[in-house]
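Below: the structure, in C-alpha cells.
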Amino acid sequence: MTGIMHKEVRVRFAPSPTGYLHVGGARTALFNWLFARHHGGKFILRIEDTDFVRSSEEMVEGILEGLRWLGLAWDEGPYFQSRRLEHYRSFADRILKQGNAYRCFCKTDEHADRKSEYPVNAPEDAVAHECAELTGEDSRRRAESGEPFAIRFKVPPDKTSFHDRVFGKIEIENKILEDFVLIRSDGIPTYHLVVVADDIDMGITHVIRGADHLSNTPKQILLYRAAGSPLPDFAHLPLILGPDKQRLSKRHGATSVMAYAEMGYLPDAFFNFLSLLGWSPGDDREMLTRRELTQLFSLEGVGKADAVFGPEKLDWFNSRYLRDISTETLRELALKELEASGIECFETESLDARMELLKVRIRKLTDFSTIFKAFFTDDFDYDPAACKKFLKDPKLQAWIPKLHSLYNEDREFTLESTEAILRSLADREGIKAGLLINAVRVALTGQGVAPGLFEVMQVLGRQRTIDRLERLGKYLNSTPED
RNA sequence: GUCCCCAUCGUCUAGACGGCCUAGGACACCGCGCUUUCAAUGCGGCAACACGGGUUCGAAUCCCGUUGGGGACGCCA
C-alpha cells in the first residue's frame, strides 16, 4: 500500500447520483482532472450512492454522460459505494472496538426533536449523547438482544486544525461537533465514514472538492486519526453561485452540464470557460487549450472567493471556439444540429461555403436551426421585426417583381452580376440600393441580419434566389398595407 | 442561533517580498471607423480596491473591527 506508489498523485471525483452533473460538480471534476493530468497522476471516479432513496441508476448514467461530453476521462472506476458496504462496516467495527465510537440506541426521531429545538436553545456545545455513557457490557447486551442501534463516533475534546491548500489554516473547537453517526440503524454507512474509508483505501493523496465540505473536514480528519491513516492534502474550491449570489440552483435556469450541450455549446468552450471559474493562470491569457490548461494548472492559482456563473462570457468563448473550428468539423456539427431539430438540409454541395459565411456569426450550434434556418431549408418564416423594418415601403410591391425577372434573365448569376443588377435597378428607380438589399435579405433569409447579401445569393443558388423573390412578391401582395 | 470561510469594475479575474497601481486584462455595455444589415475587426469610453480604524516613510496588498455574502451544523451526500 505504501512504498512504491507513495509519490503518485491520486485524486477523485465523487458525485452522488441524486441529480445530474451540474456545473459546480463539473468544475470540481475538471479541476481534479487537470490536477491529475498536470502531475501525471490518476483521476478516479467514485459514485457515492449510499443514499438509496435518492440515488438512481439513471442519474449515474447522466453523470457519466456529462463527464464524457466534457472529455474528462477517468483512469479508475467508477467505483460504487453501494457495493462496498461490508467494507465500511468492518471499518466502523474497528473504530468501535478501539473505543472511538459507540452504539447509539436512541430513536431517530428523538434527534429530530432535539434538532428542532436547538436554534432556540442556541447551545454553545453540541448536544451530548447519553448512549456514550453506556458501559460496553450494556451496549453489547442490548445489541445482541436485537435492539436497533446506530454507531456514533465519539468526538474527542480539544481542537482540530488542518492546512487547506487554498484556504490556509482552518481550526475549530471539537466541542461544537456532535458525535456523528458512522453507521445508521439500518446498517448503511454515512457519508463521513464512506468518504474517509474510501479515500484511505483508494490511496487518495489530494482531496479536491467544493468548499461546502470545508466545515465537514474536521470530522473526517478525526476519522483519519482514529483509523491511524495519514491525511491527504485538502483543497477546497470556492463555490459557484448564481447571478443573485445565491447558491446555483434550478431557479437560475440551466445548471445541468448536458443542458449546455443541448443548447449548442462546444465541450472545449465549456471546458475553457469552467477552468477560469475560480482559477486563473496568473496572467491575462484566457483562450487556453486543454494541453495548456493541464500545463498551467496549479492549486496556487485557485482563488478563495466564490464565483458567479455568468453565461455571457460562456457565449463569447463558444463563438471563439466555433470560429476557430475546422470547416469539416463545423459542417458535421451543423448537420447533427439540423437533424436534431428535424430540419432536412438541401444541397449539401454548397454546405462548406455556407459554413464559411456563418461561422463568424454563430454563437451556438442551435443558431443553425433557428436564426440561420433559411440557409438549410425552404421552410422558414419572415421575422416580424425584420418585416416591419425593411418591408414597409409599398413600392417594394413593384420593385421585387422587377428584380425577380432581372435575375431570371441573368444567366451568369455571379457575385458581380447579381450586385450590378440590383444596383442599377436602384439607380433607375432613384432609390438607395440599401432599400432593396434589406428587403431582399428578408426574402432570402427571413431575417434582418445575415451575411453579405450577394454572397448569400451565391450559396443559395440562382433558382432558390428567384423562388424566394417570388415568394416575397406574393407575400407583399397579400399583406394589407398599414 | 452557533461555528467556519470569503470580500478588486455589472461579471470572470490580474495584483508573490507592502512601493513598478493615477489598479491591468477579458466578457457585457456605449461611442467612432469599416459597411448593404449583421458578424468579425480596429480605435476609444464607462466602470472596482465594501466601510472604519490602525501598523508603516508608503497598503488593494499586513492587523483589528463593522457591514455584506457564502458554507456547515442530519441515522443527505
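Numbers restart at 1 for each chain; the letters A, B, ... are given by sequence-line order, proteins then strands. The basis for the numbers below is simple: all heavy atoms, side chains too, and nothing from hydrogens, waters or symmetry mates.
For the C1' atoms, the distance linking rU55(B) with rA59(B) amounts to 10 Å, nearest Å. Distance check on atom C1': rG10(B) versus rA28(B) gives 8 Å, rounded to whole Å. Using P as the reference atom, rC9(B) and rA14(B) are 12 Å apart when rounded to the nearest Å. Using P as the reference atom, rG24(B) and rG15(B) are 15 Å apart when rounded to the nearest Å. The same atom, C1', is picked in rC46(B) and in rG69(B); the two are 26 Å apart, to the nearest Å. Using P as the reference atom, rU66(B) and rG58(B) are 26 Å apart when rounded to the nearest Å. When the C1' atom is compared between rG54(B) and rG70(B), the two are found 28 Å apart, to the nearest whole Å. Across rC29(B) and rU11(B), the matching P atoms stand 16 Å from one another, rounded to whole Å.
For rA47(B), there is no paired nucleotide, since no Watson-Crick or G-U wobble pair has both relevant distances below 3.5 Å. rA16(B) is unpaired under the criterion used here, namely a Watson-Crick or G-U wobble arrangement in which both key atom distances are under 3.5 Å. Both distances falling under 3.5 Å, in either a Watson-Crick or a G-U wobble arrangement, place rG52(B) opposite rC64(B). Of all nucleotides present, none satisfies the Watson-Crick or G-U wobble test against rU37(B) with each distance under 3.5 Å. With both pairing distances under 3.5 Å, rC73(B) is matched to rG1(B) as a Watson-Crick or G-U wobble pair.
The separation between Glu173(A) atom CD and rC5(B) atom P is 12 Å, rounded to whole Å. The separation between Ile176(A) atom CD1 and rC73(B) atom C1' is 8 Å, rounded to whole Å. Atoms CZ (Arg361(A)) and P (rU36(B)) sit 14 Å apart, rounded to a whole Å.
Across rC4(B), rA72(B), rG70(B), the shortest atom-to-atom separation from the side chain of Asp306(A) is found for rG70(B). Of the candidate nucleotides rC12(B), rC3(B), rU37(B), rC12(B) has the atom lying nearest to any side-chain atom of Glu286(A). Distances from the side chain of Leu277(A) to the nucleotides rG70(B), rC4(B), rC12(B) place rC12(B) closest. In the set rA14(B), rC4(B), rA39(B), rA14(B) carries the atom at the smallest distance from any side-chain atom of Ser280(A). Set against rG24(B), rC5(B), rC75(B), the side chain of Ser185(A) has rC75(B) as its closest nucleotide.
Exactly one of Trp316(A), Tyr260(A), Phe309(A), Tyr321(A) qualifies for a ring pair (Phe, Tyr, Trp, His ring centres under 6.0 Å) with Phe273(A). That residue is Phe309(A).
At a cut-off of 3.5 angstrom, the base of rC12(B) holds at least one donor-acceptor pair with the side chain of Lys313(A). The base of rC3(B) lies outside donor-acceptor range of the side chain of Ser215(A), with no N or O pair under 3.5 Å.
As judged by a 4.0 angstrom heavy-atom cut-off over every strand, His236(A) is placed among residues making no nucleic acid contact. At a threshold of 4.0 angstrom between heavy atoms, the contacts of Ala211(A) are confined to the sugar-phosphate backbone, with no base atom among them.
In terms of modelled atom types and a separation under 3.5 Å, the side chain of Arg84(A) and the main chain of Val194(A) share no donor-acceptor contact.
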In sequence, state the C-alpha distance, the side-chain angles, and the governing distance for Ser82(A) and Asp49(A), and then conclude on side-chain hydrogen bond (donor to acceptor under 3.5 Å, both in side chains).
-> CA-CA 6 Å; Ser82(A) 56; Asp49(A) 57 350; 2.7 Å; yes
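The side-chain tip of Arg94(A) points at the ring of Phe91(A) from less than 6.0 angstrom away and within 45° of straight on.
The heavy-atom pair separating Arg471(A) from Phe380(A) by the smallest distance is NH2-O, 2.6 Å. Contact record, Gly210(A) with His236(A): O-CD2, 3.3 Å, taken as the closest heavy-atom pair.
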